[in-house]
Number of protein chains: 2
Amino acid sequence: MPALKIGDLATRTGTNAPTIRYYEEIGLVPRADRQDGGQRRYGDEDVKRLTLIRRCREFGFPIEQVRSLVTLAEEPGRSCLEARDLAQEHLAAVRAKLRELKALERSLARFVESCETACAGGPGPDCTILGDLATPSSQARTVSEAGQTARRLRARR
Amino acid sequence: MPALKIGDLATRTGTNAPTIRYYEEIGLVPRADRQDGGQRRYGDEDVKRLTLIRRCREFGFPIEQVRSLVTLAEEPGRSCLEARDLAQEHLAAVRAKLRELKALERSLARFVESCETACAGGPGPDCTILGDLATPSSQARTVSEAGQTARRLRARR
DNA sequence: TCTTGAACCTCAAGTTACTTGAAGTCCTAT
DNA sequence: ATAGGACTTCAAGTAACTTGAGGTTCAAGA
């Protein structure tokens with residue numbers, strides 16, 4: 001039986017302890033069991049839940065949206081189709097973010113590479129290649145659409 | 001010649017206008033040229049810079065770190081190798097995030113699919129499959145490493 | 001068994017990065 | 001020429017933590 005302290009849970013999920021206490025305070029995670037001295041103890045389920053929460057939060061999904069996703073996990077009575085729809089919307093948003101992040105990766109990789117070749121032996125005259133870093137890359141619409149999606153998702157509770 | 005108003009720049013980059021003004025105020029973007037009436041006008045370069053900034057910000061890179069990356073673009077005198085190193089560190093962080101985001105995508109896709117099959121025709125008895133959503137997936141260390149990387153990057157400057 | 005120091009506790013205040021509101025000015029289309 | 005939508009500044013508000021103060025608990029070594 002794994003009885004984790006708050007610090008253990010923190011390191012396992014890449015969170016810091018005060019953040020976990022904060023999540024408890026705002027009711028994003030249930031109140032943890034306390035030991036005699038009042039210290040919080042956690043189990044496997046807590047690790048899973050917090051991992052999901054942190055992943056979502058790291059990618060900008062607002063707390064209220066994450067909340068609806070995780071409470072969905074703890075309400076078995078809820079309509080399965082409703083749950084699926086919510087998860088699917090979330091998934092679409094994640095995929096949009098994946099595209100954006102890949103674009104960012106390409107930009108940076110291209111920049112690093114051009115640095116590599118252009119100024120191989122020291123400072124070159126025009127290492128201002130950053131000019132073509134972050135080309136809107138036909139994503140002008142995609143970016144704003146992603147924004148709209150996020151806003152739409154946020155709107156629903 | 002494209003002379004964009006702040007609203008145009010905003011829609012093209014998925015930002016809202018007040019945020020652009022805020023970025024100007026804190027000096028993350030240069031002060032924009034003004035028209036006779038005092039309204040801001042923007043060009044292609046501004047679209048590029050703001051696109052980069054927003055992409056970075058959307059993925060949690062703190063402003064000061066983004067600042068060092070974009071000022072790097074406007075300081076041709078700076079050491080090319082230093083620039084490359086900074087970009088490379090940033091790139092590594094982006095790739096770590098990509099892995100995390102893919103894990104999140106898989107979790108959600110798996111959940112949606114199991115919803116699909118399990119409760120095909122309505123609410124099933126145990127649509128609490130969310131239990132295996134967000135498995136730490138051997139990423140326990142990766143998550144915290146990513147956190148450390150972020151913190152390290154934040155620390156410099 | 002005692003003790004000591006790291007890790008925990010609560011509560012309050014501070015920080016980052018925006019967002020929203022008020023009150024007024026500009027500009028373009030009818 | 002005028003109505004209304006987009007712009008202006010400045011101030012205050014919000015989300016999601018983070019940090020600090022001041023004190024308690026607990027596991028490990030003497």
Side-chain angles (χ1 to χ4, degrees), chain A residues 3-29 31-42 46 50 52-70 143-144 147-148 150-151 153-155 157, chain B residues 3-29 31-42 46 50 52-70 143 147-148 150-155 157:
Chain A
L4 304 169
K5 298 205 243 178
I6 196 168
D8 303 329
L9 178 60
T11 51
R12 280 187 200 215
T13 57
T15 317
N16 4 352
T19 302
I20 299 174
R21 293 192 198 101
Y22 167 74
Y23 285 166
E24 185 180 301
E25 193 185 315
I26 64 169
L28 181 57
V29 300
R31 183 180 157 82
D33 292 344
R34 310 298 164 117
Q35 224 191 357
D36 287 14
Q39 298 196 357
R40 294 162 178 85
R41 289 299 126 113
Y42 298 94
D46 300 297
L50 194 51
L52 174 62
I53 290 173
R54 286 313 300 170
R55 275 205 188 122
C56 291
R57 288 294 304 128
E58 272 198 51
F59 296 105
F61 294 103
I63 291 232
E64 288 315 306
Q65 193 181 323
V66 178
R67 190 196 297 270
S68 69
L69 205 66
V70 302
V143 173
S144 86
Q148 284 175 355
R151 247 165 275 131
L153 286 167
R154 216 167 292 147
R157 181 98 293 239
Chain B
L4 304 169
K5 299 206 243 178
I6 197 167
D8 303 329
L9 178 61
T11 52
R12 279 186 201 214
T13 58
T15 316
N16 5 351
T19 302
I20 299 174
R21 293 192 198 100
Y22 168 73
Y23 285 167
E24 185 180 300
E25 193 184 315
I26 64 169
L28 180 57
V29 301
R31 182 181 157 82
D33 291 344
R34 308 299 163 117
Q35 222 191 359
D36 287 15
Q39 297 195 357
R40 293 163 178 85
R41 288 302 125 112
Y42 297 94
D46 300 298
L50 195 51
L52 174 63
I53 291 172
R54 286 314 300 170
R55 277 208 187 119
C56 292
R57 287 295 304 128
E58 272 197 53
F59 295 105
F61 294 102
I63 291 234
E64 288 315 306
Q65 194 181 320
V66 178
R67 190 196 296 271
S68 70
L69 204 65
V70 302
V143 173
Q148 284 176 352
R151 247 166 276 131
R152 194 162 14 85
L153 286 168
R154 217 167 292 147
R157 172 101 308 222

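Predicted, not measured: the structure shown is a model, and the values here were computed from it. Proteins come first, then strands; the chains are lettered A, B, ... in the order of their sequence lines, and each starts at number 1.
- Here the side chains of A:R57 and A:V66 are in contact, with some heavy-atom distance below 4.5 Å.
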- Query: What is the per-nucleotide protein-contact pattern of nucleotides 25-30 of chain C, from the 5' end, where B denotes a base atom under 4.0 Å from a protein heavy atom, S denotes such proximity for sugar-phosphate atoms only, and - denotes neither?
  - Reply: -SS---

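- Between B:A10 and B:A17 the shortest heavy-atom distance is CB-N, 3.9 Å.
- At the heavy-atom level, B:R40 lies under 4.0 Å from the strands shown only through sugar-phosphate atoms.
- A heavy-atom distance below 4.5 Å is found between the side chains of B:R34 and B:R40.
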Please list each protein N or O that sits under 3.5 Å from an N or O in nucleotides 20-22 of chain D, with the distance.
none

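- The nearest pair of heavy atoms linking B:T13 to B:R54 is O-CG, 3.9 Å.
- Note: B:I6 CD1 to B:Y42 OH = 4.0 Å, rounded to the nearest 0.5 Å.
- Not one side-chain nitrogen or oxygen of A:R34 sits closer than 4.0 Å to the OP1 or OP2 atom of D:dT25.
- Residue-level contact check: A:I6 touches the backbone only, with heavy atoms under 4.0 Å from sugar-phosphate atoms and none from bases.
- Here the straight-line distance linking atom CZ of B:R12 with atom CG of B:D46 works out to 11.5 Å at 0.5 Å rounding.
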- Message: Walk along nucleotides 12-18 of chain C from 5' to 3' and tag each nucleotide B, S or - by protein heavy-atom contact under 4.0 Å, base first, then sugar-phosphate.
- Response: -----BB

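- Considering only residues two or more places apart in sequence or on other chains, B:R67 meets the side-chain hydrogen bond (donor to acceptor under 3.5 Å, both in side chains) condition with B:E64.
- Checked against side-chain hydrogen bond (donor to acceptor under 3.5 Å, both in side chains), B:R31 has no partners two or more places apart in sequence or in another chain.
- Scored by the side-chain hydrogen bond (donor to acceptor under 3.5 Å, both in side chains) test, B:R41 finds B:Q35, B:Q39 as partners (sequence neighbours excluded).
- The closest side-chain heavy-atom distance from A:L50 to A:L9 is below 4.5 Å.
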